[in-house]
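Computed from a prediction, not measured in an experiment: that's the story for all the values here. Just the heavy atoms: all of them, side chains too, but no hydrogens, waters or symmetry mates, feed the values below.
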Amino acid sequence: RRWGVLHRSRELVCPSCNFQAEARDICPKCNSAYVKFRGLGMEKLESNLQRLFPSAKIARFEDVEKQKNSYAVYDIIITTSKILNFSEIYADLTIIWDFDSLLNTGDFQSGEQAFYLLSGLLLKTTSKMVVCTSLGQDFYFFSSLQDLDYAKFYNAELQPRSQLKLPPYYHIGLISVRSFKKEKSQSVSAKILSHFSKQPGRGTEVFQRDLPGRTKIRDKHYSYIFIKSKSPEALNREIKKAIGKFRSDSVIITANLDPI
């Protein structure tokens with residue numbers, strides 16, 4: 001289970017709501033002393049790079065911003081996609097760490113978003129870009145990126161979307177049900193799912209999925225229902241009916257069409 005991001009101060013910080021709590025060495029539920037912190041955050045990456053390159057000046061981009069230093073005085077800067085907002089910053093070598101996590105988000109637009117990110121970084125790279133990934137060089141993403149061929153990527157991206165009935169071929173409605181009580185959000189989402197299952201439209205698919213890291217936010221429990229349809233008008237009309245039928249004071253229901 002992911003609790004949050006562990007910082008050097010031994011604080012766990014939730015990436016969704018910024019809630020902070022002290023990191024524990026003993027599990028509060030079972031009292032086990034075997035608590036393992038996984039992953040490679042920016043602070044840990046910075047520490048590892050310092051050991052590998054002890055003479056290099058290394059900094060995280062957020063620290064460079066706070067200190068208002070020139071980025072040029074550093075040999076290595078660790079950053080996120082935020083660096084794309086700064087047109088004056090360029091690099092001789094750009095390394096993309098854990099590229100696979102950009103694609104494995106469960107979002108059908110993850111490839112499109114990753115291509116936007118890497119193409120922007122490639123334009124900021126004067127010499128070479130290295131991508132750490134388990135995917136082969138023949139993957140259409142990399143061949144399109146190498147040539148900065150947006151049309152090639154677009155056409156290749158359309159093929160799996162057509163097969164999986166994703167936009168722009170089908171439209172997706174996302175219904176979010178949230179409540180302070182987990183049982184209540186699950187109960188209402190089950191009723192909405194049953195409502196759509198009993199009245200299937202032509203070419204309509206309904207299914208329920210949890211979004212990773214989005215099942216509980218700020219003490220509210222979330223349930224999600226996805227609806228696929230070729231007709232955005234019919235989809236919008238049926239979603240409005242369902243929200244009106246199952247809305248109550250203890251439950252908040254919202255919907256997005258083709259969510260981004």
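- Taking CG of Leu118 as the start and CD of Gln113 as the end, the distance is 12.5 Å to the nearest 0.5 Å.
- Here the side chain of Lys124 pairs a donor or acceptor atom with the backbone of Ile89 at under 3.5 angstrom.
- Taken to the nearest 0.5 Å, the CD atom of Glu238 stands 8.5 Å off from the CG atom of Leu235.
- Here Lys191 pairs with nothing under the side-chain hydrogen bond (donor to acceptor under 3.5 Å, both in side chains) rule; sequence neighbours left out.
- Partners of Tyr150 according to the ring pair (Phe, Tyr, Trp, His ring centres under 6.0 Å) rule, which considers only residues two or more places apart in sequence or in another chain, are Phe115.
- Ser194 contributes no side-chain N or O that, together with a main-chain N or O of Ala190, makes up a donor-acceptor pair within less than 3.5 Å.
- Contacts classified as ring-ring contact (aromatic ring centres under 6.0 Å, His included) and involving residues 232-259 (residues at least two apart or in different chains) are given here: His195-Phe246.
- Ile252 and Ile225 are not part of a single hydrophobic cluster, where members link through side-chain heavy atoms under 4.5 Å apart.
- Here Asp147 contributes atom CG and Leu122 contributes atom CG; the two are 10.0 Å apart, rounded to the nearest 0.5 Å.
- Listed by chain and residue number, Phe207 satisfy the ring pair (Phe, Tyr, Trp, His ring centres under 6.0 Å) test with Phe226 (two or more places apart in sequence, or in another chain).
- Tyr170 does not carry Lys228 over the face of its six-membered ring by the limits of under 6.0 Å from the centre and within 45° of the normal.
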Tabulate below the donor-acceptor pairs under 3.5 Å that side-chain atoms of residues 176-188 make, not counting sequence neighbours, or state none.
from   : atom 1 : to     : atom 2 : distance (Å)
Ser179 : OG     : Lys181 : N      : 3.2
Ser179 : OG     : Ser250 : O      : 3.0
Ser185 : OG     : Lys182 : O      : 2.9

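- In this structure Lys57 satisfies the side-chain contact (heavy atoms from CB on, under 4.5 Å) test together with Val73, Tyr74, Asp75, sequence neighbours excluded.
- Take Ser127 and apply the side-chain hydrogen bond (donor to acceptor under 3.5 Å, both in side chains) test, not counting sequence neighbours, and it matches no residue.
- To the nearest 0.5 angstrom, Cys132 atom SG is 5.5 Å from Trp97 atom CH2.
- Phe139 and Phe142 have perpendicular rings, their planes meeting at more than 60° on a 0 to 90° scale where under 30° would count as parallel.
- Annotation: side-chain hydrogen bond (donor to acceptor under 3.5 Å, both in side chains) contacts of Asp219 (sequence neighbours excluded): none.
- Judged as a side-chain contact (heavy atoms from CB on, under 4.5 Å), and not counting sequence neighbours, the contacts of Ala234 are Ser231, Arg237.
- The structure places CZ of Arg60 at 5.0 Å from CD of Glu46, a figure rounded to the nearest 0.5 Å.
- Here the side chains of Leu121 and Ile83 are in contact, with some heavy-atom distance below 4.5 Å.
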Trace of the side chain to side chain contact (heavy atoms under 4.5 Å, CB included) decision for Tyr116 with Phe153 | CA-CA 11 Å; Tyr116 165 78; Phe153 173 78; over 6 Å; no

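- Leu93 shares a hydrophobic cluster with Ile95, Val130; the chain of contacts runs through ILVMFWY side chains whose heavy atoms sit under 4.5 Å apart.
- Identified under the salt bridge (Lys or Arg N to Asp or Glu O under 4.0 Å) test for residues 148-166, with sequence neighbours left out: Glu112-Arg161, Glu157-Arg161, Lys165-Glu205.
- Under the 3.5 Å distance criterion, the side-chain polar atoms of Asn256 are left unmatched by any main-chain donor or acceptor of Leu174.
- Both Leu135 and Met129 belong to a single network of hydrophobic side chains, linked directly or stepwise wherever heavy atoms of I, L, V, M, F, W or Y lie under 4.5 Å apart.
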Should Phe53 and Ile76 be marked as a side chain to side chain contact (heavy atoms under 4.5 Å, CB included) after you check the CA-CA gap, both sets of side-chain angles, and the distance that decides it?
-> CA-CA 10 Å; Phe53 308 102; Ile76 301 174; 4.1 Å; yes

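- Panel note: side chain Tyr222, backbone Asp210; no donor-acceptor pair is recorded below 3.5 Å.
- The closest donor-acceptor contact from the side chain of Asn155 to the backbone of Ala151 lies under 3.5 Å.
- Applying side-chain contact (heavy atoms from CB on, under 4.5 Å) to Ile227 and the options Ile172, Ile239, Leu193 leaves one that passes, Ile239.
- Legend: residues meeting side-chain hydrogen bond (donor to acceptor under 3.5 Å, both in side chains) with Asp100, ordered by chain and number and at least two apart, are Thr133, Ser134.
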